[in-house]
Protein chains: 2
Amino acid sequence: MAATQIALDKSKGSAREAILEAAVRLFAQHGFAKTSLKAIAQEVDIRTPSLLYHFPSKQALETAAIESLNNSWQNILPQILSEAKNPGERFDRTLGVCIEFFQEEPTRAQLFVRALLDKPDELKEIIKRDLQPWLKFIAKYIRRGQEEEIIHSDLDPEAYTMSVTILILSTFALGQVRSAFIDSGNAEMLAKNELIRFARTALFRPNRMENNHG
Amino acid sequence: MAATQIALDKSKGSAREAILEAAVRLFAQHGFAKTSLKAIAQEVDIRTPSLLYHFPSKQALETAAIESLNNSWQNILPQILSEAKNPGERFDRTLGVCIEFFQEEPTRAQLFVRALLDKPDELKEIIKRDLQPWLKFIAKYIRRGQEEEIIHSDLDPEAYTMSVTILILSTFALGQVRSAFIDSGNAEMLAKNELIRFARTALFRPNRMENNHG
DNA sequence: CCTACCGATCGGTAGG
DNA sequence: CCTACCGATCGGTAGG
């Protein structure tokens with residue numbers, strides 16, 4: 001349905017896209033309720049009724065904003081997971097891509113967290129529909145790693161994956177307050193590195209070789 | 001200032017407290033912008049102007065809601081940290097209390113995350129003022145643990161503490177969507193256990209004894 | 001703690 | 001894509 005609408009609007013696609021882009025940014029920064037249609041319209045230099053020609057209601061625009069975010073990760077996750085050759089590389093690349101995705105545009109993480117808080121039912125369906133398959137995929141690899149004894153045995157794959165997802169999202173969504181926790185100038189890099197170490201250490205069992213000279 | 005006002009209003013404290021309680025709940029559930037003063041007033045069976053006698057403005061009520069949340073943890077953190085006898089116990093008790101605090105009332109976590117998103121500057125000051133001392137305290141213990149070689153050496157204490165704080169907050173704030181990640185009936189327990197395992201494994205170096213028979 | 005009321009802003013419609 | 005306009009709701013005030 002959404003795909004059809006996008007196809008039909010191809011001639012006026014740029015206006016629609018501009019509105020959507022502004023909406024995503026403002027929704028992420030100020031929240032859905034605090035962002036008026038007028039504010040979004042102003043960002044693309046049109047009036048509110050003109051905006052409502054492209055999106056029938058504010059609700060429709062909110063849904064479109066969430067879906068556009070959803071679509072953008074649908075394109076990157078598949079290839080990453082299938083490319084890697086070994087568990088370590090698969091972990092590094094998957095985590096790396098996810099982190100880059102939210103680091104380069106923290107608005108994405110903010111919008112995601114806001115949507116999770118404001119529209120839990122809507123998001124639950126989107127997650128089940130579009131994220132669930134990849135989570136299952138990852139969980140399968142984790143179970144295999146547990147059988148091979150390279151991953152901690154006392155670990156629930158689904159719970160681990162959820163924790164990492166939530167941690168990535170929140171770390172970048174709440175980036176504005178990082179300086180309250182970390183005084184250092186490169187707080188973002190410290191947070192990112194710790195996030196990676198955190199996820200890695202909690203997943204893989206310690207390498208005996210590394211462990212001995214410690 | 002806030003303390004003085006509370007003292008002065010002691011005779012009418014119950015009304016004020018009832019308003020504040022309703023405000024915290026509604027702000028947490030629906031966000032600041034979506035919660036009207038009328039909705040809060042209705043919860044305590046009064047009219048909007050009566051509410052504005054107790055709190056001069058919506059902004060004042062929002063600040064009071066955040067501060068009340070802040071006060072409630074100010075009372076529990078101090079004793080916990082000083083009580084424990086060894087690093088393991090200190091970790092378990094501190095983490096346990098923090099988890100219980102948000103698990104028994106997820107509204108607290110929701111309000112906190114919403115405030116972090118909506119009022120980053122205000123929250124940064126609150127964190128620096130009231131949470132920073134305890135974070136420094138914890139960081140000091142972590143550094144000692146690193147010297148004693150029971151805690152991972154490649155770990156930034158401040159970044160680790162921030163990550164755990166964010167993970168606890170988000171895990172309970174986003175509890176409503178847990179079932180999209182975990183199918184199991186006891187998803188909350190799985191998430192909680194994984195959270196603890198996660199934080200523990202990422203902090204302490206593996207025990208050589210445990211490691212050998214694995 | 002109330003009634004009565006205010007200007008401002010909201011999402012959205014009519015009609016072109 | 002616009003102007004003109006709508007009813008509803010918002011936070012807040014006056015006055016008692």
Side-chain angles (χ1 to χ4, degrees), chain A residues 5-68 111 114-115 118-119 122, chain B residues 5-68 111 114-115 118-119 122:
Chain A
Q5 199 175 345
I6 289 167
L8 288 172
D9 286 348
K10 214 158 216 173
S11 56
K12 304 184 179 181
S14 66
R16 211 192 119 98
E17 278 168 38
I19 293 168
L20 196 51
E21 194 185 355
V24 166
R25 197 173 62 251
L26 293 180
F27 285 152
Q29 276 170 13
H30 311 294
F32 298 103
K34 243 189 192 171
T35 305
S36 66
L37 293 178
K38 196 183 173 186
I40 299 167
Q42 270 178 347
E43 288 277 302
V44 290
D45 258 314
I46 56 171
R47 313 284 175 180
T48 313
S50 310
L51 185 154
L52 286 163
Y53 164 75
H54 295 283
F55 297 91
S57 67
K58 192 186 180 184
Q59 172 59 45
L61 184 52
E62 290 174 356
T63 301
I66 295 168
E67 287 290 347
S68 85
L111 184 67
R114 283 191 186 280
D118 288 352
K119 305 160 185 290
E122 198 177 328
Chain B
Q5 200 175 345
I6 290 168
L8 288 172
D9 287 347
K10 214 161 217 172
S11 56
K12 304 185 181 182
S14 66
R16 211 192 119 98
E17 278 169 37
I19 293 168
L20 196 52
E21 194 185 354
V24 167
R25 197 174 60 251
L26 293 180
F27 284 152
Q29 276 169 15
H30 311 294
F32 297 104
K34 244 190 191 170
T35 305
S36 65
L37 293 179
K38 195 184 174 186
I40 299 167
Q42 271 178 348
E43 288 276 302
V44 291
D45 258 314
I46 57 171
R47 314 284 175 180
T48 312
S50 309
L51 187 154
L52 287 162
Y53 165 74
H54 295 283
F55 297 90
S57 68
K58 192 186 182 185
Q59 173 58 45
L61 184 51
E62 291 174 356
T63 301
I66 296 168
E67 286 290 348
S68 85
L111 184 67
R114 284 191 186 280
D118 289 351
K119 305 159 186 291
E122 198 177 328

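Only this structure's heavy atoms are used, side chains among them; waters, hydrogens and symmetry mates stay out. The chains referred to below are lettered A, B, ... by the order of the sequence lines, with proteins before strands, and numbering in each begins at 1.
- Rounded to the nearest 0.5 angstrom, A/Ile40 CD1 and A/Phe55 CZ are separated by 9.0 Å.
- As a whole-Å value, the separation of B/Phe55 CZ from C/dC1 P is 12 Å.
- Going from atom NZ of B/Lys58 over to atom OG1 of B/Thr35 covers 6.5 Å, rounded to the nearest 0.5 Å.
- Atoms CZ (B/Arg16) and P (C/dC1) sit 13 Å apart, rounded to a whole Å.
- For the pair A/Val44 and A/Ala18, the tightest heavy-atom approach, listed with the atom from each and the gap, is CG1-O, 3.5 Å.
- Listed here is the closest heavy atom pair of A/Ser68 and A/Val24: OG-CG2, 3.8 Å.
- With rounding to the nearest 0.5 angstrom, the CG atom of B/Leu51 is 10.5 Å from the CZ atom of B/Arg16.
- Considering only residues two or more places apart in sequence or on other chains, A/Lys119 meets the salt bridge (charged side-chain N to carboxylate O under 4.0 Å, His left out) condition with A/Glu62.
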Strictly under 3.5 Å: I want the nitrogen or oxygen pairs between protein and nucleotides 3-8 of chain C, one per line.
from  : atom 1 : to      : atom 2 : distance (Å)
C/dT3 : OP2    : B/Arg47 : NE     : 3.4

> Would you write out the dot-bracket form of DNA chain C, 5' to 3', with Watson-Crick and G-U pairs under 3.5 Å, [ ] for crossing pairs, | for pairs to other strands and . for unpaired bases?
Replying inline: ||||||||||||||||
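- Rounded to whole angstrom, the span from the CG atom of B/Leu61 across to the P atom of D/dG12 amounts to 10 Å.
- Among residues two or more places apart in sequence or in another chain, the salt bridge (charged side-chain N to carboxylate O under 4.0 Å, His left out) test is passed with A/Glu21 by none.
- Residue A/Gln59 contributes atom CD, which lies 9 Å from atom P of C/dG12 at whole-angstrom precision.
- Pairing each heavy atom of B/Ala115 with each of B/Ile66, the nearest pair is CB-CD1, 3.9 Å.
- Atom-to-atom distance recorded for B/Glu122:CD and B/Glu67:CD is 7.5 Å, nearest 0.5 angstrom.
- A/Leu52 meets the side-chain contact (heavy atoms from CB on, under 4.5 Å) test with A/Leu37, A/Thr48; sequence neighbours excluded.
- Residues from residues 19-40 of chain A with heavy atoms under 4.0 angstrom of DNA chain C, sorted by number: A/Thr35, A/Ser36, A/Leu37.
- Within the 4.0 angstrom heavy-atom criterion, only backbone atoms of the sugar-phosphate kind lie near A/Ile46; the bases stay farther away.
- For B/Lys34 (side chain) and B/Gln29 (main-chain N/O), no donor-acceptor pair under 3.5 Å exists by modelled atom type.
- In this structure, B/Leu51 places its CG atom 14 Å from C1' of C/dC2, rounding to the nearest Å.
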